[in-house]
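Only a predicted model underlies this, so the values are computations on that prediction, with no experimental measurement involved. We name chains A, B, ... by the order of the sequence lines, and we start the count at 1 in each one.
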Amino acid sequence: GESVGLHLPTLSVQEGDNSIINCAYSNSASDYFIWYKQESGKGPQFIIDIRSNMDKRQGQRVTVLLNKTVKHLSLQIAATQPGDSAVYFCAETFNTGFQKLVFGTGTRLLVSP
Amino acid sequence: ETGVTQTPRHLVMGMTNKKSLKCEQHLGHNAMYWYKQSAKKPLELMFVYNFKEQTENNSVPSRFSPECPNSSHLFLHLHTLQPEDSALYLCASSQGSGNTIYFGEGSWLTVV
């Protein structure tokens, strides 16, 4: 299900480590950002989102940080588990009356036991 | 289970065939989308339907023809495709703007 064939940046971590996945977005007018996880053979799965009026949002084991000054988004995963192995995409959009998401190319996270 | 169901999950078709991909969402959303994910590019938006009306056609070739009979169902009709159209086709839905898009599991299409 992931972008097979693309040369994706890869982050390799040990189980239990904290992971940080980074994303540079392109449109300074974007006001809503989403992180998706895509496991092999599956569609993208929503992880966490953040609006442009915030700079940090926490979920269960995940935190998203937004730096609008440098147009940078990061996803932090605490105590990474083998089940977290997947391709992670950031997506950006701005209010157009519907969601016109623009996706990054993705980062492959490999978690070793 | 994401609430967005796509069929078939896998499809192999010849370049002269006509086939259709189907998507159904059980989330009560009003917007539905087709995305293409291929081996050489990031996820690409193809079409957007908002309250059954097409609001976006992202320069998609006419051999791809979408149909949205109601807010819960979306089709992608395929005709005389090319091998480079082989990809994962993802359907998604959302409740208006400013809300999360939820994806289906995708339909893997191979054109031979």
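For the residue pair A:Gly104 and B:Pro42, the shortest heavy atom distance occurs at O-CB, 3.8 Å. Between B:Leu90 and A:Gly43 the shortest heavy-atom distance is CD2-CA, 3.8 Å.
In this structure the side chain of A:Leu101 reaches within 4.5 angstrom of the side chain of B:Tyr35, judged on heavy atoms.
Atom NZ of A:Lys68 has more than 12 heavy atoms from other residues, nucleotides or ligands within 6.0 Å. Applying the 6.0 Å contact sphere to CD of B:Glu84 captures more than 12 heavy atoms from other residues, nucleotides or ligands. Taking a 6.0 Å sphere around CE of B:Met15, one finds it holds 12 or fewer heavy atoms contributed by other residues, nucleotides or ligands.
When the side chains of ILVMFWY residues are joined at heavy-atom separations under 4.5 Å, either directly or via intervening members, B:Tyr33 and B:Trp108 end up in a single hydrophobic cluster.
Between A:Ile47 atom CD1 and B:Thr100 atom OG1 the span is 12.0 Å, to the nearest 0.5 Å.
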